[in-house]
Amino acid sequence: MDIIGIIQEGVVKGVEALYGASIAGDSVSMNATRSEFEGDFTVVVFPYTKMARKKPEDIGQELGQFMLDTVPQVSKFNVIKGFLNLVIDDSFWQQFLLETVKDSDQFGIGAANGKKVMVEYSSPNTNKPLHLGHIRNILLGWSAYKILQAAGYEVVRTQIVNDRGIAICKSMLAWQRFGEGETPASSGIKGDHFVGKFYVKFEQAFQEEYKAWQASDQGQAIFTEKAKEEQGEAAFFKAYKNTYFNEYSEIGQAARAMLIQWEAGDEETVKLWKQMNEWVYEGFNTTYENLGVAFDKLYYESDTYLLGKSTIAAGMEKDVFYKKEDGSVWIDLTDAKLDHKIVLRKDGTSVYLTQDIGTAQLRYQDFGVERMIYVVADEQNYHFQVLFETMKRLGEPYADGLYHLNYGMVDLPTGKMKSREGTVVDADDLMAEVIAEAEAASKDSSEISSFTEEQRKDIFRKIGLAALKFHIIKVQPQKRMVFDPKESVDLQGQTGPYIQYSYVRINGVGKRAEREGVSWEQAKDYVSLEPAERDLLRNLYQFPALIQEAAADLDPSSIANFCYALAKSYSKFWHDVSIFDAEESAKAFRLLLSKVVGSVLKNGMDLLGIEMPERM
RNA sequence: GGUCCCGUAGCUCAGCUGGAUAGAGCAACUGACUUCUAAUCAGUAGGUCACAGGUUCGAAUCCUGUCGGGAUCACCA
């Protein structure tokens with residue numbers, strides 16, 4: 001039994017014995033003791049004043065004495081106001097360390113629970129490269145995968161690739177018109193950036209065309225006819241852009257024609273589409289690889305965009321859906337505080353929601369997962385509410401296991417990222433920048449100067465990416481965050497590299513212990529723990545429960561904060577006590593403690609997708 | 001306008017299943033390297049936890065309202 005449970009049980013028995021009242025174990029309010037007081041755990045005794053009809057101080061004294069007498073792990077106590085601070089005996093921590101160190105690599109990793117879960121954590125469009133927003137998405141998803149796995153789940157990692165639609169047609173058309181046979185290889189541009197370049201070219205060409213049209217007789221006539229009173233010319237044409245694209249634009253019409261040809265399976269169009277997507281995938285794969293993430297299964301929208309229709313037909317019979325006079329099919333979710341939502345157009349074609357219904361079913365057929373987690377930005381909260389509610393009504397067996405891990409948008413210090421205004425931070429550029437920063441900051445490190453070029457590059461990559469990833473993932477997913485590029489490359493303070501540094505120190509003492517041949521046996525003779533040591537042990541002790549909690553909440557930021565707290569605690573320990581100058585039992589104990597801290601830091605950071613260097 | 005999310009130090013963030021004097025980092029200032037890596041540590045300064053009510057022995061945390069920021073309310077994906 002864990003120490004929290006032992007204490008709670010002690011309190012339950014104490015309240016029973018002293019005051020004749022029965023309370024539930026998990027109702028016992030407990031916290032870690034604040035650092036300014038002596039103790040490891042604190043029991044709040046205010047709740048027992050009524051049943052005891054005594055002052056909180058007296059209850060604390062009585063309960064404390066009872067715990068001291070009956071719970072062997074409690075070695076001391078003190079009472080301040082209504083707070084009973086319990087000191088856990090050194091032998092308990094001692095034993096905990098000696099147990100843990102036997103298999104420190106596996107410490108905290110939960111046993112397989114036989115449950116299967118799918119995490120979808122990337123859903124890129126294939127018309128442009130990945131940016132900072134995708135990075136947050138991918139890091140969260142990757143970490144969720146790692147955490148779920150550590151908690152005992154079997155996890156299938158997937159992405160849905162939005163490889164069809166008007167956007168990619170725009171890139172295709174622009175390439176046809178302006179590309180002059182250029183390829184990523186011939187131009188030396190990474191494939192996804194290459195295709196993105198033509199997407200931008202399309203937009204430019206469209207804007208030019210639109211500008212010219214605005215000045216034309218037809219454009220002016222439309223403005224005079226349709227503009228609302230008080231609406232200026234600029235405002236009108238801004239609002240009219242989509243209509244223009246659909247009804248008047250030559251290049252817009254050409255792009256739409258291309259989409260229709262694609263849907264009809266036109267050979268040449270499909271060939272070009274495949275070629276452009278291939279280029280994009282090459283680029284994406286490089287980015288994913290640099291970020292250190294991978295997938296087990298890819299789903300393509302071009303394969304799934306027609307799915308779901310048969311389900312709608314089946315759902316009609318169960319009255320999940322209803323048909324309007326015009327032939328379109330809807331679902332009424334007003335009783336779930338949602339609205340009516342269309343699932344099939346009057347021409348029988350499917351919409352976004354329909355595709356997602358079909359895709360979920362396909363995934364269940366493919367893998368039999370009982371949970372599916374979608375890592376998608378919070379702008380789609382409503383869509384997922386509708387999707388999940390629909391799946392429930394369809395009676396899908398996994399419907400209760402559907403979960404939208406939503407996250408807030410990433411802002412820049414200058415405001416929102418807007419692709420139209422060119423303020424989007426490119427994923428590849430950003431990674432290159434943080435790695436370059438790590439290199440620049442390592443200039444005067446004598447440690448690194450002796451390394452080979454290859455080793456150095458590896459270390460800079462690990463440090464730079466740790467800075468970037470930690471900076472993003474330490475923020476709770478649901479919160480909108482401000483991403484300051486300057487802060488993201490910080491290597492000091494509450495950062496990834498700070499944690500790496502603690503690990504590297506531990507690695508250093510481990511190496512020295514190996515050289516000097518320290519005898520671990522004597523660790524069991526070390527009896528009087530220093531505050532810094534107890535603090536580390538308390539931190540370590542939480543790790544297994546934290547993994548389960550992080551998996552239940554799908555919250556990687558809690559792991560990030562834990563890793564930082566542990567590293568900070570170790571830094572304090574490093575300064576407060578000496579390892580190799582200490583007597584033999586203390587030396588052995590501290591080395592074992594360091595070893596476990598090192599393992600937990602490494603495993604904890606791995607849960608965030610962050611690698612540790614051995615030296616830095 | 002309806003619904004949902006957010007508002008904590010100058011800045012970036014913790015803390016939110018109610019518990020002690022609300023914590024870190026950055027930025028500023030002071031001190032500590034002949035010592036296991038100073039990418040470190042210790043200290044100073046910085047707060048009406050948006051505001052107003054309510055519940056409670058006790059509220060940053062729960063409830064209601066107000067204000068501010070954001071998202072969404074497409075036969076787009």
Side-chain angles (χ1 to χ4, degrees), chain A residues 26 29-31 33-37 42 44-47 49-50 56 80-83 85 123 125 160 162 164-167 242 301 305 324 326 328-330 337-339 341-347 349-353 355-356 377-383 385 406 408-409 411 413 416 438 441-442 445-447 463 467 471 474-476 478-484 486-488 490-495 497-502 504-513 557-558 560-561 564-565 567-568 570-582 587 590-591 594 615-616:
Chain A
D26 54 14
S29 174
M30 270 183 57
N31 327 73
T33 302
R34 296 174 66 110
S35 56
E36 62 263 41
F37 304 109
T42 296
V44 184
V45 304
F46 287 107
T49 48
K50 267 189 193 143
I80 294 165
K81 295 201 268 181
F83 301 93
N85 301 320
S123 44
N125 291 320
I160 179 88
N162 299 121
R164 51 144 248 126
I166 191 70
N242 276 339
E301 198 205 352
Y305 83 110
K324 276 194 182 175
D326 68 354
S328 58
V329 180
W330 296 69
K337 287 177 76 178
L338 299 165
D339 207 343
K341 185 79 189 177
I342 191 163
V343 291
L344 286 182
R345 299 188 185 97
K346 63 183 173 192
D347 62 3
T349 55
S350 55
V351 295
Y352 182 39
L353 180 65
Q355 288 176 42
D356 271 3
D378 62 10
E379 60 191 350
Q380 296 204 39
N381 284 355
Y382 183 76
H383 168 72
Q385 279 178 28
N406 65 65
M409 294 288 175
D411 291 327
K416 287 197 206 178
S442 304
S445 161
S446 55
E447 220 16 68
I463 296 173
H471 189 250
K474 73 175 182 188
V475 181
Q476 220 176 52
Q478 286 72 23
K479 291 203 174 177
R480 205 180 172 93
M481 66 176 286
V482 177
F483 181 90
D484 187 340
K486 282 203 297 289
E487 281 179 23
S488 75
D490 273 352
L491 310 175
Q492 276 142 34
Q494 196 176 34
T495 66
Y498 172 95
I499 299 166
Q500 290 179 320
Y501 186 66
S502 286
V504 164
R505 281 173 153 176
I506 290 167
N507 199 47
V509 294
K511 287 266 162 57
R512 179 168 164 187
S557 72
S558 63
N561 287 312
Y564 174 68
K568 193 171 152 65
Y570 191 80
S571 290
K572 171 86 172 141
F573 162 82
W574 183 275
H575 281 266
D576 285 2
V577 307
S578 175
I579 297 174
F580 288 98
D581 288 345
K587 188 202 281 187
R590 286 166 189 169
L591 282 167
S594 297
R615 296 166 74 184
M616 64 191 280

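Within every chain, numbering begins at 1; the chains are lettered A, B, ... in the order of the sequence lines, protein sequences first and strands thereafter. As the structure is a prediction and not an experimental result, all values here were calculated from the model.
Closest non-hydrogen pair, A:L491 versus A:A441, comes out as CD1-CB, 3.1 Å. When all heavy atoms of A:I342 and A:L353 are compared, the closest pair comes out as O-CD2, 4.2 Å.
Across the protein-nucleic acid pair, A:W574 atom CH2 and B:U40 atom P stand 13 Å apart, rounded to whole Å. Taking atom NZ of residue A:K572 and atom P of nucleotide B:A38, one finds them 16 Å apart after rounding to whole Å. If you measure from atom NZ of A:K568 to atom P of B:G25, you get 4 Å, rounded to the nearest angstrom. When the C1' atom of B:G69 is taken as reference, atom CE of A:M481 falls 17 Å away, rounded to whole Å. A straight line from CG of A:N381 to C1' of B:G70 spans 12 Å, rounded to a whole angstrom. Per the geometry, CZ belonging to A:R505 stands 15 Å off P belonging to B:C33, to the nearest Å. The distance from atom NZ of A:K479 to atom P of B:U8 is 8 Å, rounded to the nearest whole Å. Look at CD on A:Q500: it is 14 Å from C1' on B:U37, rounded to the nearest Å.
Residue A:E447 is in base contact, counting any heavy-atom pair closer than 4.0 Å across all strands shown. At a threshold of 4.0 angstrom between heavy atoms, the contacts of A:D378 are confined to the sugar-phosphate backbone, with no base atom among them. Across all strands, A:E301 comes closer than 4.0 Å only to sugar-phosphate atoms, never to a base (heavy-atom distances). Among the heavy atoms of the strands lying under 4.0 Å from A:V577 is at least one base atom, whether or not backbone atoms are also near.
Both the sub-6.0 Å distance and the 45° axial angle are not jointly satisfied by A:R505 relative to the ring of A:Y570.
Side-chain N or O atoms of A:R345 include none that pairs as donor or acceptor with a backbone N or O of A:V351 at under 3.5 Å. Checking side-chain atoms of A:S571 against main-chain N and O of A:S502 turns up no donor-acceptor pair under 3.5 Å.
Taking the side chain of A:V482 as heavy atoms from C-beta on, and the options B:C13, B:A77, B:C36, the nearest nucleotide is B:C13. In the set B:C26, B:C57, B:U12, the nucleotide with an atom closest to the side chain of A:Q492 is B:C26. Picking from B:C41, B:A20, B:C76 the nucleotide with the shortest atom distance to the side chain of A:R345 gives B:C76. Listed nucleotides: B:U37, B:C13, B:C36. Nearest to the side chain of A:V504: B:U37.
Look at A:R34 and you'll find a side-chain N or O under 4.0 angstrom from OP1 or OP2 of B:G23. The side chain of A:Q476 places an N or O atom within less than 4.0 Å of a non-bridging phosphate oxygen (OP1 or OP2) of B:G15. For the pair A:Y382 and B:G2, the criterion of a side-chain N or O lying under 4.0 Å from OP1 or OP2 is not met. The shortest distance between the side-chain N/O atoms of A:Y352 and the OP1/OP2 oxygens of B:A77 is not below 4.0 Å. Phosphate proximity of B:U21 to A:K81: present, with a side-chain N or O under 4.0 Å from OP1 or OP2.
In terms of polar N and O atoms assigned as donor or acceptor, the side chain of A:T42 comes within less than 3.5 Å of the base of B:A20 in a complementary pairing. Contact annotation: side chain of A:D326 to base of B:C75, donor-acceptor pair present below 3.5 Å. Within 3.5 Å, a donor on the side chain of A:N85 pairs with an acceptor on the base of B:A20, or the reverse.
Within the model, atoms NZ of A:K474 and OH of A:Y564 stand 9.0 Å from one another, a figure rounded to the nearest 0.5 Å.
For B:C57 and B:G15, the P atoms lie 28 Å apart once the distance is rounded to whole Å. Atom name P, nucleotides B:A60 and B:G53: the rounded distance is 14 Å, in whole Å. If you take atom C1' in B:G70 and the same atom in B:A28, they sit 33 Å apart, rounded to whole Å. B:U61 and B:U8 have their C1' atoms separated by 12 Å, with the value rounded to a whole Å. To the nearest whole angstrom, the two C1' atoms, one in B:A38 and one in B:A45, are 23 Å apart. Rounded to a whole angstrom, the distance from the P atom of B:C16 to that of B:A39 is 33 Å. Spacing of C1' atoms, B:C73 relative to B:C11, comes out at 35 Å, to the nearest Å.
Between A:F83 and A:F46, the ring-plane angle classifies as perpendicular under the 30° and 60° cut-offs.
Pairing partner, B:G1: B:C73, with both Watson-Crick or wobble hydrogen-bond distances short of 3.5 Å. Pairing of B:G68, defined by two Watson-Crick or G-U wobble distances under 3.5 Å, is identified with B:C6.
Under the stacking criterion of a centre-to-centre distance below 5.5 angstrom and an interplanar angle below 30°, A:Y498 is not stacked against the six-membered ring of B:A39. Ring stacking is absent between A:Y564 and B:A24, as the pair misses the limits of under 5.5 Å between centres and under 30 degrees between planes. A:F46 qualifies as a stacking partner of the B:G19 base, centre to centre under 5.5 Å and near-parallel within 30°.
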